[in-house]
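Remarks on the structure that follows.
Remember, predicted model here, so these are calculated numbers, not experimental data.
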Amino acid sequence: MADFLSDFAEKFGLMFLGLAAFAAVVGILLFLADRAPKRGRDVLQLLIFLLPAGILLTVGLIYPAVNTTVLSFFNRNSQEFVGFDNFVWMFTQPSIQITLINTLIWVALVPTLSTIFGLAYAVFIDKSKGEKVLKSLVFMPMAISFVGAGIIWRFMYEYRAEGFSEQIGVLNQIIVWVGGEPQQFLQNSPWNTFFLIIVMVWIQTGFAMVLLSAAIKGVPVEIIEASRLDGANPWQTFWNVTVPGIRSTLVVVVTTISIATLKVFDIVRAMTGGNFDTSVVANEMYTQAFNRGEFGQGSALALVLFVMVLPIVVYNVRIMRKQKEIR
């Protein structure tokens with residue numbers, strides 16, 4: 001106990017000294033900035049306020065990205081340069097090929113289904129009785145962490161052999177009640193990937209609904225009424241007036257969910273651990289680098305994941321910038 005308290009006091013003391021040193025340096029710099037000539041003062045103050053963010057960005061993002069890129073061209077111990085061997089391994093290893101295909105399936109289905117369901121909720125729940133309550137229920141999964149959602153749905157899919165013991169999985173219990181045999185939802189490939197995708201869609205639908213609902217409310221009522229006066233039915237009004245009016249929001253929703261889907265890790269890790277051919281790139285990256293010690297192969301997977309995410313991020317930023325220019 002005494003050793004623990006001593007170690008705790010030492011670490012707490014180092015933390016306090018670090019914070020005190022940081023505060024002292026910032027205080028000195030601000031004092032010097034106040035004493036400097038006006039032109040130099042503005043530049044110095046700008047640097048002072050940007051410096052902490054720049055340091056954190058460099059240490060937490062830029063350096064790890066550069067280091068990961070370098071490691072992807074070395075062997076597992078980062079001692080020998082192997083060129084593109086890690087990338088060749090990635091695209092020729094059958095298990096990793098399945099991982100890449102799974103990731104593409106996730107990216108194809110999750111944004112599409114989440115946006116469709118979110119748009120449907122936004123249209124049908126809008127201006128209905130109990131709109132706030134219904135929207136809160138749909139949005140509630142967004143408040144749950146991916147790990148929490150994975151654990152909840154793992155119990156939904158839980159399987160126990162028939163006759164061995166009672167079912168604790170909700171879906172299998174329902175199947176048993178109606179006279180069917182329990183199913184191994186998370187063990188049977190390739191359908192287990194789709195059952196995992198359901199969890200992500202369940203979470204992201206609320207996000208899509210909130211943004212699309214706000215966008216629909218922003219469509220000018222005059223245009224909608226004019227289309228109705230011209231004889232358009234509700235479907236024609238929705239497809240030819242509402243959808244074009246929320247196009248930019250649709251793009252933002254799809255791209256944002258696509259980025260989150262490409263980086264999905266928690267759901268797969270919590271529910272299957274990547275077993276039974278359910279692994280995705282982010283999970284495989286973690287497995288190779290930290291479970292198997294293959295830092296070169298893990299870094300190569302991380303680099304490929306970055307390359308997959310980057311175009312979507314750039315496109316999303318361009319769309320948001322155009323929206324600001326229009327406003």
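One hydrophobic cluster, built from ILVMFWY side chains closer than 4.5 Å, cannot hold both Phe155 and Leu171; they sit in different ones. Under the 4.5 Å side-chain contact rule for hydrophobic residues, Leu212 and Met140 do not share a cluster. Connection of Phe185 to Met156 is established within a shared hydrophobic cluster, with ILVMFWY side chains joined at heavy-atom distances below 4.5 Å, either directly or through further cluster members. Neither Ile98 nor Val281 shares a network with the other; the hydrophobic side chains, linked directly or stepwise wherever heavy atoms of I, L, V, M, F, W or Y lie under 4.5 Å apart, form separate groups for each. One hydrophobic cluster, built from ILVMFWY side chains closer than 4.5 Å, cannot hold both Tyr315 and Val253; they sit in different ones.
Checked by atom type and distance alone, the side chain of Ser114 never pairs as donor or acceptor with a backbone atom of Pro111 at under 3.5 Å. A distance-only check finds no donor-acceptor pair linking the side chain of Asn75 to the backbone of Val82 [under 3.5 Å]. No donor-acceptor pair under 3.5 Å is formed between the side chain of Thr68 and the backbone N or O of Ala65. At distances below 3.5 Å, not a single donor-acceptor pair connects side-chain atoms of Gln173 with backbone N or O atoms of Val170.
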With a 3.5 Å cut-off and sequence neighbours excluded, list the donor-acceptor pairs that the side chains of residues 192-210 form with protein atoms.
from: Asn192; atom 1: ND2; to: Leu186; atom 2: O; distance (Å): 3.4
from: Asn192; atom 1: ND2; to: Phe276; atom 2: O; distance (Å): 2.9
from: Thr205; atom 1: OG1; to: Val201; atom 2: O; distance (Å): 2.6

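Just one residue in the list Arg292, Arg269, Glu294 forms a side-chain hydrogen bond (donor to acceptor under 3.5 Å, both in side chains) with Thr287, and that residue is Arg269. Considering Thr242, Val243, Thr249 as possible partners of Ile216, the one that fulfils the side-chain contact (heavy atoms from CB on, under 4.5 Å) test is Thr242.
Proximity of Phe87 to Leu303: side-chain heavy atoms (C-beta onward) are separated by under 4.5 Å at one or more points.
Taking Phe265 as the reference, Tyr286 meet the ring-ring contact (aromatic ring centres under 6.0 Å, His included) condition, with sequence neighbours excluded. Evaluation of the ring-ring contact (aromatic ring centres under 6.0 Å, His included) rule for Phe238 yields Trp235 as partners, not counting sequence neighbours.
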